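Since the structure comes first, as structure tokens, the remarks are kept for the end.
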Amino acid sequence: MSTLRTALTDLVGVQHPVVQTGMGWVAGPRLVAGTANAGGLGILASATMTYDELDAAITKTKTLTDKPFGVNIRADATDAPQRIDLLIRENVRVASFALAPKQELIAKLKAAGVVVIPSIGAAKHAKKVASWGADAVIVQGGEGGGHTGPVATTLLLPSVLDAVDIPVVAAGGFYDGRGLAAALAYGAAGVAMGTRFLLTQESTVPDSVKQEYLARGLQDTTVSRKVDGMPHRVLNTELVDSLEHSGNVRGLVAAARNASKFKAMTGMKWSTLAKDGLAMKKSGDRTWQQIIMAANTPMLLKAGLVDGNTHAGVLASGQVVGLLDDLPTCKDLIDGIVADAIKRIDALGALRA
């Protein structure tokens, strides 16, 4: 089939300018390898993995594909330097970050030949990481799922493109060839998608939960601060409605309980959780209440996306969920998006006559 060569495909060495984002509990070896084998860039989500689990996940992914893939790392995690050493040792192609990594970490990765692609939510953040040496950025508009900002992709994307001269990957509201063609027309080097890849055959999310997503409409997501204290776009559920109408005390009690569960699940020490909290405090504008509530995120997402318990968990989702009605393979999804984008780009060219 025909392909679209962009600054992203050249930078990373993938066939198509399509990225599968590092969704916690969702982006494991099967989905990442499925994306890579289909010609896109798959990104492992390591924030919900211990170091040993990440090591095993990288090894498993490499048995499933010989194509480039990436790993998403929490830049404020206490063991981030060790995880970076692991990526370098395992020759992982891309290091992705949800928060801006320190300048020295970027330099270390680049010196080892690893491509550094932070996710950002504002033009000023893009300028900062670009000045530190980031190779590209992913910019997610407010339509996107999970942690998100208030500015729509159609406004945020051009502001970032005007601010930096490194490749920019557009995220938030993308799911088909029209979106890819539009992003390229803006000047982006590709698109990144989360919810669209969650709803594929390679995704390990329980089938019953996938059907829950497919049954939703465009109005069926909400941006809640009651999940973990930060703006978080999720599906509307009874639990989310309950959280939205709960007081701060109830939220803090639930967060403390979930912190204990997360500690038991990962084997982390309380001292490590405390260090992570201090690192989060230093790296951003979060209050202590928000930091305590952050313990909600991994456990509530696990309940919904892994255990399939939609009554006890939350389901991160982009607004695009209301436009999705199928569960394609990664190959069928990416092939279809690229073919449709090429068709639409060619049709635009005909308008010049």
Side-chain angles (χ1 to χ4, degrees), residues 1-23 26-45 61-62 64-72 92-94 96 115 117 119 136 138-140 143-145 153 157 167-186 188-205 210 213-214 317-318 320-321 323-347:
M1 64 170 293
S2 298
T3 60
L4 292 165
R5 181 178 177 180
T6 72
L8 175 68
T9 61
D10 287 347
L11 175 67
V12 180
V14 293
Q15 185 179 8
H16 302 304
V18 178
V19 179
Q20 162 254 303
T21 59
M23 300 165 281
V26 177
R30 191 169 83 177
L31 180 58
V32 170
T35 302
N37 289 330
L41 174 63
I43 299 177
L44 278 171
T61 304
K62 290 168 74 172
L64 298 174
T65 184
D66 59 358
K67 302 293 195 300
F69 66 91
V71 172
N72 183 264
V92 172
R93 183 63 181 139
V94 173
S96 165
V115 176
I117 308 180
S119 293
I138 295 175
V139 52
Q140 177 178 301
E143 302 94 323
T153 304
L157 177 59
V168 175
V169 179
F174 296 99
Y175 70 103
D176 65 358
R178 290 175 296 185
L180 175 55
L184 296 178
Y186 270 106
V191 296
M193 305 183 297
T195 305
R196 176 65 278 190
F197 275 106
L198 184 153
L199 294 172
T200 59
Q201 292 185 26
E202 287 89 344
S203 164
T204 56
V205 172
K210 291 179 182 177
Y213 276 85
L214 292 176
S317 176
V320 73
V321 68
L323 299 172
L324 306 180
D325 59 6
D326 62 347
L327 298 170
T329 64
C330 289
K331 178 173 174 49
D332 287 344
L333 172 64
I334 293 176
D335 283 354
I337 287 175
V338 172
D340 188 36
I342 291 173
K343 176 182 176 182
R344 292 173 184 276
I345 292 169
D346 288 345

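Just so it is clear, the model here is predicted, and its values are computed rather than measured. Throughout, numbering of the chain's residues begins at 1 and tracks the sequence.
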### Message
Between L198 and M23, is there a side-chain heavy-atom distance shorter than 4.5 Å?
### Response
yes

### Message
Using every non-hydrogen atom in the two residues, find where V18 and M193 come nearest and quote the distance to one decimal.
### Response
CG1-CE, 3.8 Å

### Query
Can any side-chain N or O of R93 pair as donor or acceptor with the backbone N or O of V12 at less than 3.5 Å?
yes

#### Entry: Close side-chain approach of L11 and V115, heavy atoms under 4.5 Å
yes

#### Entry: From CG (L333) to CG (D176), nearest 0.5 Å
9.5 Å

### Query
For G318, does its backbone N or O pair with a side-chain atom of E143 as donor and acceptor, under 3.5 Å?
no

### Message
Is any side-chain heavy atom of I43 closer than 4.5 Å to one of V19?
### Response
yes

### Message
Main chain of K62, side chain of T65: is a donor-acceptor contact present, judged purely on distance under 3.5 Å?
### Response
no

#### Entry: Side chain S317, main chain T195, donor-acceptor under 3.5 Å
no

### Considering all heavy atoms, the nearest N72-S96 contact
ND2-OG, 2.9 Å

#### Entry: V14 versus G40, closest heavy-atom pair with distance
CG1-O, 3.7 Å

### Message
Please determine whether side-chain contact (heavy atoms from CB on, under 4.5 Å) holds for the pair E202 and F197, giving the CA-CA distance in whole Å, both sets of side-chain angles, and the decisive distance to 0.1 Å.
### Response
CA-CA 8 Å; E202 287 89 344; F197 275 106; over 6 Å; no

### Query
Shortest non-hydrogen contact from L180 to F174?
N-CD2, 4.4 Å

### Task
Can you see which heavy atom on V139 is nearest to which on L157, and at what distance?
CG1-CD1, 3.8 Å

### Task
Ignoring hydrogens and angles, tell me if any N or O in the side chain of K210 forms a donor-acceptor pair with the backbone of T200 under 3.5 Å.
yes

### Query
After noting the C-alpha distance and the side-chain angles of V191 and L184, does the key distance pass the side-chain contact (heavy atoms from CB on, under 4.5 Å) rule?
CA-CA 8 Å; V191 296; L184 296 178; over 6 Å; no

### Message
Would you say that I345 contacts L4 through its side chain, given a criterion of any heavy-atom pair below 4.5 Å between the two side chains?
### Response
yes

### Gap between atom OG of S2 and atom CG of D335 - 0.5 Å precision
11.0 Å

### Query
With no hydrogens and no angle check, is any side-chain donor or acceptor of R196 less than 3.5 Å from a backbone partner on L199?
yes

### Query
Do you know which two heavy atoms are closest between I337 and Y175, and how far apart they sit?
CD1-O, 3.6 Å

### Task
Would you kindly say whether T329 and Q201 are connected by a side-chain donor-acceptor distance under 3.5 Å?
no

### Task
Evaluate the salt bridge (charged side-chain N to carboxylate O under 4.0 Å, His left out) criterion for residues D10 and R5: first the C-alpha distance (whole Å), next the side-chain angles of each, then the deciding distance (0.1 Å), finally the verdict.
CA-CA 7 Å; D10 287 347; R5 181 178 177 180; 2.8 Å; yes

### Task
Taking the side chain as every heavy atom from C-beta outward, state whether N37 and K67 have any pair of such atoms under 4.5 Å apart.
yes

### Message
Would the distance check show the side chain of T6 and the main-chain N or O of L8 forming a donor-acceptor pair, the cut-off being under 3.5 Å?
### Response
yes

### Query
Is the side chain of T35 donor-acceptor paired with the backbone N or O of G42 at a distance under 3.5 Å, no angle test?
no

### Candidate pair L31 and Q20, rule side-chain contact (heavy atoms from CB on, under 4.5 Å), full reasoning
CA-CA 9 Å; L31 180 58; Q20 162 254 303; 4.0 Å; yes

